[in-house]
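Take a look at the structure set out below.
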Amino acid sequence: MKVITMRDKSIYFRLPKTGKKGFLLEHDYLPHFYDKLHYHPELQLKYVMEGTGDLFVGNTFTHFEPGDLFLIGSNQSHVFKNSPEYFEEDSKLMSHSVSVFFQEESLGNGFFTIEEMADIQNLIERSGRGLQFSARTVQKVEDRIRALVDIEGFEQFLEILSILNELATSDEYEYLASINSPEPLSDNENHKINEVINYIFMNYKDNIKLEDAANIANYSQAAFCHFFKQHTRKTFIQFLIEVRVSKACKMLRDSELNVSQICYECGFNNVSNFNRQFKKVTGLSPTAYVKKYEERVENISHAS
């Protein structure tokens, strides 16, 4: 995959063209996923096999972990940002994924408009907000997605179409963004947003101040507030709180720390405020979130 920058565009990924293939399969095994906010005209179906972190897409973000499956829409700015430990100098952690890239025109104009492709066409239209599929849906296709790396040609082509159709007929998914893809950022704007996002992800535990972020972007505080909300659809404080809550969700799932300990580990200064902000973002209290997560894991286990 080649990364280039284009005048008046955000960081743009140009995927290598292999003849006239309708789908491009990418099998990544890296210390961490590409960590810059970027976009590409191709839709991207990404199955995470190894690696954890946060996906920022459109105007929102969510935690990702092994077993997650996402569909990112065409020209939708996004970044799969691994957790800080993946960037440590002596880290032995790896990130592993399989992605399928394609455009609506990849199979010729009008291919997805024929009657047999109606469900996939609808899936493509929904991808403008980004999609995350449920664990039950992922179970139906994950082995088939893994197996794509071992087949090629017509067999791979048909299998990808079949997988897309399986996903298209599932109603178990969540939208990632509340809006369709906005216009991509300019290269300069994209650089500034990347710097601020990186700063937040690396320092969310600390007492981050608005003036610190404004200085990183080289704006006055007032200008920065306007700039940040214009391009993320969130205030800086709202974004910071959601990052902290996302980190708290991961710790509630994966650690033995209690709610009070997690509160301070994620940068909140008191438990009552943490509980209030957590419920505002997730719709659940921390305790209810853990219970719901454990029930989901148990249901998946029984289904297996």
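This is a predicted model, so every value here is computed, not measured.
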Task: Side chains of Y86 and T52 in contact at under 4.5 Å (non-hydrogen atoms) - done: yes

Just wondering, do L69 and Y173 contact through their side chains at under 4.5 Å, heavy atoms?
no

Treating Ile, Leu, Val, Met, Phe, Trp and Tyr as nodes and any side-chain heavy-atom pair under 4.5 angstrom as an edge, say whether F268 and V271 lie in one connected cluster. no

Separation between CD1 (I163) and CD (E142), nearest 0.5 Å, reads 11.5 Å

_Beyond-backbone contact of R144 with L148, side-chain heavy atoms, under 4.5 angstrom_ = no

*When you measure from the side chain of S246 to the backbone N and O of T62, does any donor-acceptor pair fall under 3.5 Å?*
no

### Task
Would you check if the side chain of D68 reaches a backbone N or O of E65 as a donor-acceptor pair within less than 3.5 Å?
yes

Can you tell me how the ring of F224 sits relative to the ring of Y219, calling it parallel under 30°, perpendicular over 60° and tilted otherwise? tilted

Checklist entry - Just by modelled atom types, is the Q132 backbone N or O under 3.5 Å from a matching donor or acceptor in the E174 side chain? => result no

task = Evaluate the side-chain proximity of P31 to M94: yes if any heavy-atom separation is below 4.5 Å, no if none is.
result = yes

When you measure from the centre of the six-membered ring of F87, is the NZ or CZ of K81 under 6.0 Å away and within 45° of the axis?
-> yes

Pairing donors with acceptors under 3.5 angstrom, does anything connect the side chains of R253 and Y289? yes

Fill in: Residue Q230 excluded, over 12 heavy atoms near CD under 6.0 Å
yes

Side chain to side chain donor-acceptor pair (under 3.5 Å) with S97: of K46, E50, H27, only one passes, and it is K46

Exercise for the section: Could you please spell out the steps behind the side-chain contact (heavy atoms from CB on, under 4.5 Å) verdict for F227 and I193? Expected result: CA-CA 9 Å; F227 164 78; I193 285 290; 3.6 Å; yes

Rounding to 0.5 Å, atoms CZ (R129) and CD1 (I72) come to a distance of 13.5 Å

Discussion item. I'd like to know if L24 and L30 are part of one continuous hydrophobic network [Ile/Leu/Val/Met/Phe/Trp/Tyr, side-chain heavy atoms within less than 4.5 Å].
Written reply: no

Given the options V245, N203, L210, I208, L240 meets side-chain contact (heavy atoms from CB on, under 4.5 Å) only with I208

#### Entry: Steps toward side-chain contact (heavy atoms from CB on, under 4.5 Å) verdict (E104, Q121)
CA-CA 8 Å; E104 285 192 66; Q121 177 63 36; 3.4 Å; yes

**Request:** Give the intermediate values and the outcome of side-chain contact (heavy atoms from CB on, under 4.5 Å) for residues S255 and Q261.
**Result:** CA-CA 11 Å; S255 77; Q261 291 171 313; over 6 Å; no

Checklist entry - Would the number of heavy atoms belonging to other residues, nucleotides or ligands and lying under 6.0 Å from CG of N218 be above 12? => result no

query: Any chain of hydrophobic side-chain contacts (each under 4.5 Å) joining Y264 to I241?
result: no

Handout entry: Joint hydrophobic cluster, I216 plus I237, side-chain heavy atoms closer than 4.5 Å
Key = yes

For H40 and H38, take the angle between the two ring planes, folded into 0 to 90°, and tell me which bin it lands in: parallel under 30, tilted 30 to 60, perpendicular over 60.
tilted

Is it true that N270 and S272 share a donor-acceptor pair across their side chains at a distance under 3.5 Å?
yes

message = Walk me through whether F80 and F64 qualify under ring pair (Phe, Tyr, Trp, His ring centres under 6.0 Å).
response = CA-CA 8 Å; F80 284 85; F64 71 82; 5.5 Å; yes

Looking only at heavy atoms, the pair that brings E265 and K205 closest together is O-CG, 3.0 Å

Any heavy-atom pair between the side chains of V243 and C266 that's under 4.5 Å? no

task = Answer yes or no: are there more than 12 heavy-atom neighbours, outside Y29 itself, under 6.0 Å from its atom OH?
result = no

Rounded to the nearest 0.5 angstrom, the CZ-CG distance for F101 and L45 is 10.0 Å

| said: Apply side-chain contact (heavy atoms from CB on, under 4.5 Å) to residues Y175 and L131 and explain how you reach the verdict. | reply: CA-CA 5 Å; Y175 285 111; L131 303 173; 3.5 Å; yes

Discussion item. If you define the side chain from C-beta out and look only at heavy atoms, does anything of L164 sit under 4.5 Å from V100?
Written reply: no

Note: D54 and H63 closest approach over all heavy atoms is OD1-CA, 3.8 Å

Beyond-backbone contact of L37 with F56, side-chain heavy atoms, under 4.5 angstrom: yes

query: Backbone N or O of N165 within a donor-acceptor pair of the T169 side chain at under 3.5 Å?
result: yes

Rounding to 0.5 Å, atoms CD (Q156) and CG (L161) come to a distance of 11.0 Å

- Take the angle between the ring planes of F23 and F157 and call it parallel below 30°, perpendicular above 60°, tilted in between. tilted

So CG of L176 and CZ of F70: to nearest 0.5 Å the spacing works out to 6.5 Å

Worksheet item: Checking T282 side chain against F278 main chain: does a donor-acceptor pair fall under 3.5 Å?
Response: yes

In terms of heavy-atom contacts, V79 and Y34 come closest through CG2-O, 3.8 Å

Taking every heavy atom of A168 against every heavy atom of D119, the minimum-distance pair comes out as CB-O, 3.3 Å

Side-chain heavy-atom pair I124, F102 within 4.5 angstrom cut-off: yes

Residues, nucleotides or ligands: over 12 heavy atoms within 6.0 Å of E85 CD: yes

Distance col, row K140:NZ vs E166:CD, nearest 0.5 angstrom, shows 5.5 Å

S170 and R126 have their tightest heavy-atom pair at O-NH1, 4.3 Å

Between F33 and N82 the two heavy atoms that sit nearest each other are N-OD1, 2.7 Å

Is a donor on one side and an acceptor on the other found under 3.5 Å between the side chain of Q76 and the backbone of G128? yes

Identify whether M251 and M202 are in the same connected component of the hydrophobic contact network (ILVMFWY, side-chain heavy atoms under 4.5 Å).
no

Check your understanding: Judged by atom type as modelled, is there a donor-acceptor pair below 3.5 Å linking the side chain of Q139 to the main-chain atoms of R136?
Key -> no

